[in-house]
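Just below is one structure, and these are the notes that go with it.
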Amino acid sequence: MAVQRTFSIIKPDATNRNLTGAVNAKLEAAGLRIVAQKRIQMTQAQAETFYAVHSERPFFGELVEFMTSAPVVVQVLEGENAVLKNREVMGATNPSEAAEGTIRKEFALSIGENSVHGSDSEENATIEIAQFFSGNEIVG
Ligand code: ATP
Ligand code: MG
């Protein structure tokens with residue numbers, strides 16, 4: 001498996017509790033390199049675009065409201081097999097099902113307020129990175 005890039009978000013429940021550094025420590029310990037990072041206030045339009053795949057789900061309104069409720073940290077992570085590696089270190093969507101040592105097991109509050117996002121495929125990573133970063137902001 002070649003070196004890949006994936007897109008990550010440290011969500012409002014984590015930024016609110018000052019866990020940016022703690023999350024980054026977990027990512028780096030897993031062998032992921034943070035090659036771009038910025039703290040932003042996501043707009044409603046950005047959140048709706050980002051989670052458009054879930055627009056018909058009952059929790060969509062709640063999800064958009066949550067993602068715009070406080071600043072988030074958007075990131076590009078790089079490493080061998082980065083998409084899968086990040087999903088592993090994140091843990092399951094529902095923290096009660098997340099494995100020991102994962103970010104969501106340790107920090108997430110609920111299935112909604114689950115501390116981090118990570119791309120689920122290399123194809124989606126490319127799309128998500130392009131929504132938030134221009135090429136010259138990513139420095140490997
Ligand atoms: P993410 O896309 O944020 O990395 P994920 O891929 O693990 O998470 P998805 O199924 O893509 O999970 O859901 C996207 C997000 O929507 C979840 O991370 C969570 O914040 C929210 N979500 C998912 N299911 C529910 C639910 N049943 N109730 C409330 N929020 C939910
Ligand atoms: Mg997802």
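Note that this is a predicted model, so its numbers are computed, not measured. Order of appearance sets the numbers: ligands from 1, and atoms from 1 within every ligand. Note that the numbering runs from 1 along the sequence shown for the chain.
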Have a look at [options] and point out the one with the heavy atom closest to [atom].
{"atom": "atom 11 (O) of ligand 1", "options": "Arg57, Lys11, His54", "result": "His54"}
{"atom": "atom 8 (O) of ligand 1", "options": "Arg104, His117, Met90, Arg87", "result": "Arg104"}
{"atom": "atom 12 (O) of ligand 1", "options": "Thr93, Asp120, Val64", "result": "Thr93"}

With sequence neighbours excluded, what pairs up with Asn16 under the side-chain hydrogen bond (donor to acceptor under 3.5 Å, both in side chains) test?
none
side-chain hydrogen bond (donor to acceptor under 3.5 Å, both in side chains) involving Arg17 - partner list, sequence neighbours excluded
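side-chain hydrogen bond (donor to acceptor under 3.5 Å, both in side chains) check on Arg17 returns Asp13.
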Asn114: numbered ligand 1 atoms lying under 4.0 Å from its heavy atoms
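Near Asn114, the atoms of ligand 1 are 17 (C), 18 (O), 19 (C), 20 (O).
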May I ask you to list the atoms of ligand 1 that are less than 4.0 angstrom from any heavy atom of Gly118?
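Matching atoms, with element in brackets: 4 (O).
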State whether the side chain of [X] and the backbone N or O of [Y] hold a donor-acceptor pair below 3.5 Å, judged by distance alone.
{"X": "Thr126", "Y": "Glu122", "answer": "yes"}
{"X": "Gln46", "Y": "Thr43", "answer": "yes"}
{"X": "Arg104", "Y": "Pro95", "answer": "no"}
{"X": "Gln4", "Y": "Glu80", "answer": "no"}

Nearest-contact summary for [atom] - protein heavy atom, Å:
{"atom": "atom 29 (C) of ligand 1", "result": "Phe59 CB, 3.6 Å"}
{"atom": "atom 20 (O) of ligand 1", "result": "Gly112 O, 3.0 Å"}
{"atom": "atom 19 (C) of ligand 1", "result": "Ile111 O, 3.2 Å"}

For ligand 1, which is the ligand I care about here, please tell me if Leu63 has any N or O atom under 3.5 Å from one of the ligand's N or O atoms.
no
cation_pi(Lys11, Phe107) dist<6.0 Å, angle<=45:
no
For ligand 1, which part of Phe66 has a heavy atom less than 4.0 Å away: the side chain, the backbone, both, or neither?
neither
